[in-house]
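One is the number of the first residue; the rest follow in order along the sequence. All values below come from the heavy atoms of this structure, side chains included, with hydrogens, waters and symmetry mates left out.
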Amino acid sequence: MTVRLHWFLPTGGDGRTLLDRHAYGSNIGRETRGLRTPDIEYLAQIAKAAEQLGFEAVLTPTGTWCEDAWLTTVALAQHTERLKFLVAFRPGLLSPTLAAQMAATYQRLTRGRLLLNVVTGGDSAEQRRFGDHLDHDRRYERTGEFLSVVRGVWQGEPYDFHGAHYDVDGGLTSLPPDPVPEIFFGGSSQAAGPVAARHADVYLTWGEPPAQVKEKIDWIRSLAEREGRTVRFGIRLHTISRDSSADAWSTANRLLDDLDSDTIAAAQAALGRSESVGQRRMLELHGGSRDQLEIYPNLWAGVGLVRGGAGTALVGSHAEVADRIEEYHTLGVEHFVLSGYPHLEEAYWFGEGVIPELAARGLLSPDTASRVTGRRAPLLVARGR
């Protein structure tokens with residue numbers, strides 16, 4: 001098992017701060033310092049950098065605060081050659097038969113560069129914006145049915161399904177996707193576990209300390225074994241990697257410079273209303289306090305003070321960040337979905353600093369390692385005449 005690296009596409013906006021980086025939402029109508037809007041030119045820069053640096057895929061988010069992931073990534077596929085796209089979407093907001101057809105079309109248009117990130121949704125307020133009024137556990141129940149239909153329709157024969165949420169007669173994708181996209185899925189609640197065990201190819205967790213990640217891996221692995229399946233594992237983290245540990249921690253601390261106590265308290269109150277068990281686990285890592293944000297060596301919980309979702313970052317020298325990745329990999333984590341602020345510059349810091357470290361340790365596939373170590377042009381020495 002090798003380390004497989006992925007980056008993030010900030011389709012809601014980007015910037016050098018934990019505040020004001022979204023082009024949509026609370027900042028509409030007022031000047032936003034340092035905001036980079038998610039236009040196709042900027043996103044293409046990030047996608048091209050990720051491809052050149054050796055990342056396998058880029059993850060796109062989903063929600064009312066960002067651009068549509070399907071449309072954005074299929075456009076970016078025209079600007080790249082090998083890069084895959086981990087497209088996040090929410091079951092229940094479209095027909096599973098239509099989703100299966102969209103995925104099959106995407107695979108043909110991009111020559112097999114689609115991965116799927118299934119996001120059930122842990123925020124009822126956000127779900128209601130899309131007209132979805134199911135409660136938390138029923139959303140996971142619906143996700144399980146949704147994925148049953150998608151996989152059934154991909155078989156290329158008429159497929160019937162009759163459940164509590166979907167009633168499909170003769171569902172069909174006449175040309176199944178080739179290859180079938182891998183399904184990434186996350187969820188920390190008891191309702192999420194069985195869905196992951198039955199349907200996920202890769203179970204994705206947010207960046208908790210290694211001992212807690214191991215508990216999740218053991219939990220999902222045991223559930224999958226009961227289903228006669230094998231599930232692989234991934235982790236979602238931010239990164240701040242520099243030539244020295246001191247420089248990395250200085251950068252992390254600067255991200256907190258414009259966060260006052262009222263801002264943190266307001267963000268924590270809003271995040272605390274989420275139904276997501278994973279989000280609750282993120283909040284528990286720091287308790288809303290700036291004190292002791294290094295919750296494990298080189299694992300920093302500062303992002304989660306004001307941001308939902310992935311709230312931790314790997315911070316340190318390139319070798320130290322590689323150490324932590326190797327530690328998670330030893331636990332069984334194969335996929336690392338990474339990001340940083342701003343995403344273009346941090347992709348280069350990680351790609352030119354950490355990825356060669358991972359290659360030297362033999363943690364990357366031979367193909368990725370050869371592309372990483374062989375991409376630099378030879379030094380040309382000018383000679384006078």
What's the shortest heavy-atom distance between [X] and [Y], and which atoms?
| X | Y | answer |
| --- | --- | --- |
| A99 | F146 | CB-CZ, 3.6 Å |
| F8 | R236 | CD1-NH2, 3.4 Å |
| F85 | A57 | N-CB, 4.4 Å |
| P176 | A104 | C-CB, 4.3 Å |
| S189 | V277 | CB-CG2, 3.6 Å |
| S241 | V321 | CB-CG2, 4.1 Å |

May I ask you to decide if the ring planes of [X] and [Y] are parallel, tilted or perpendicular, using 30° and 60° as cut-offs?
| X | Y | answer |
| --- | --- | --- |
| Y341 | H238 | tilted |
| W249 | W300 | perpendicular |
| H335 | H6 | parallel |
| W219 | Y203 | perpendicular |

Atom [atom1] in [X], atom [atom2] in [Y]: separation rounded to 0.5 Å?
| X | Y | atom1 | atom2 | answer |
| --- | --- | --- | --- | --- |
| R90 | T143 | CZ | OG1 | 11.0 Å |
| E346 | I46 | CD | CD1 | 11.5 Å |
| L76 | T110 | CG | OG1 | 12.0 Å |
| K48 | L43 | NZ | CG | 12.0 Å |
| L237 | I325 | CG | CD1 | 8.0 Å |
| I235 | K216 | CD1 | NZ | 9.0 Å |

Any link between [X] and [Y] through a network of hydrophobic side chains (Ile, Leu, Val, Met, Phe, Trp, Tyr) touching at under 4.5 Å?
| X | Y | value |
| --- | --- | --- |
| L114 | L93 | no |
| L172 | W154 | no |
| L116 | M102 | yes |
| L98 | F130 | no |
| V303 | W349 | no |

Salt-bridge test for D201 and R151: reply yes if a basic N is under 4.0 Å from a carboxylate O, no otherwise.
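Salt bridge: yes.
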Can R324 and E320 be counted as an ion pair, charged N to O under 4.0 angstrom?
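Judged by the 4.0 Å cut-off on N to carboxylate O distance, R324 and E320 do not form a salt bridge.
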What verdict does the side chain to side chain contact (heavy atoms under 4.5 Å, CB included) test give for F161 and V153, after you've listed the backbone C-alpha separation in whole Å, the side-chain angles of each residue and the deciding distance to 0.1 Å?
CA-CA 10 Å; F161 182 88; V153 168; over 6 Å; no
Are [X] and [Y] side-chain neighbours, meaning at least one heavy-atom pair lies under 4.5 Å?
| X | Y | value |
| --- | --- | --- |
| P91 | L147 | no |
| L5 | V354 | no |
| Y42 | L344 | yes |
| D323 | N298 | no |
| M282 | L271 | no |
| R198 | L223 | no |
| R229 | H199 | no |
| R36 | Q45 | no |

Any chance you could lay out the side chain to side chain contact (heavy atoms under 4.5 Å, CB included) test for V168 and D160, step after step, and finish with the verdict?
CA-CA 5 Å; V168 175; D160 296 338; over 6 Å; no
Start with the C-alpha distance between T73 and T60, add both sets of side-chain angles, then the distance that settles side-chain hydrogen bond (donor to acceptor under 3.5 Å, both in side chains), and finish with yes or no.
CA-CA 8 Å; T73 57; T60 56; 5.4 Å; no
Under 3.5 Å, side chain of [X] to main-chain N/O of [Y], donor-acceptor pair present?
| X | Y | answer |
| --- | --- | --- |
| T312 | G207 | yes |
| S274 | S276 | yes |
| W206 | G309 | no |
| Q107 | P179 | yes |
| E51 | L83 | yes |
| E357 | G353 | no |
| Q127 | L134 | no |
| D14 | H343 | yes |
| H286 | G302 | no |
| E334 | G234 | no |

Walk me through it: do L364 and T2 pass the test side chain to side chain contact (heavy atoms under 4.5 Å, CB included)?
CA-CA 5 Å; L364 303 181; T2 59; 5.8 Å; no
I'd like to know whether E56 forms a side chain to side chain contact (heavy atoms under 4.5 Å, CB included) with L86, so could you lay out the CA-CA distance, the side-chain angles of the two residues, the decisive distance to 0.1 Å, and finally the verdict.
CA-CA 10 Å; E56 178 180 341; L86 182 49; over 6 Å; no
Can you confirm whether more than 12 heavy atoms, excluding those of R82, are under 6.0 Å from its CZ atom?
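Counting neighbours around CZ of R82, more than 12 heavy atoms of other residues, nucleotides or ligands fall under 6.0 Å, so yes.
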Is it true that, when you exclude Q101 itself, more than 12 heavy atoms of the residues, nucleotides or ligands shown sit nearer than 6.0 Å to its CD?
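Counting neighbours around CD of Q101, 12 or fewer heavy atoms of other residues, nucleotides or ligands fall under 6.0 Å, so no.
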Q212 vs Y296, side-chain hydrogen bond (donor to acceptor under 3.5 Å, both in side chains): CA-CA, chis, key distance, verdict
CA-CA 11 Å; Q212 293 170 240; Y296 188 80; over 6 Å; no
Could you go through R254 and S250, starting from their C-alpha distance and side-chain angles, then the distance that decides it, and tell me whether this counts as side-chain hydrogen bond (donor to acceptor under 3.5 Å, both in side chains)?
CA-CA 6 Å; R254 280 200 300 272; S250 177; 3.0 Å; yes
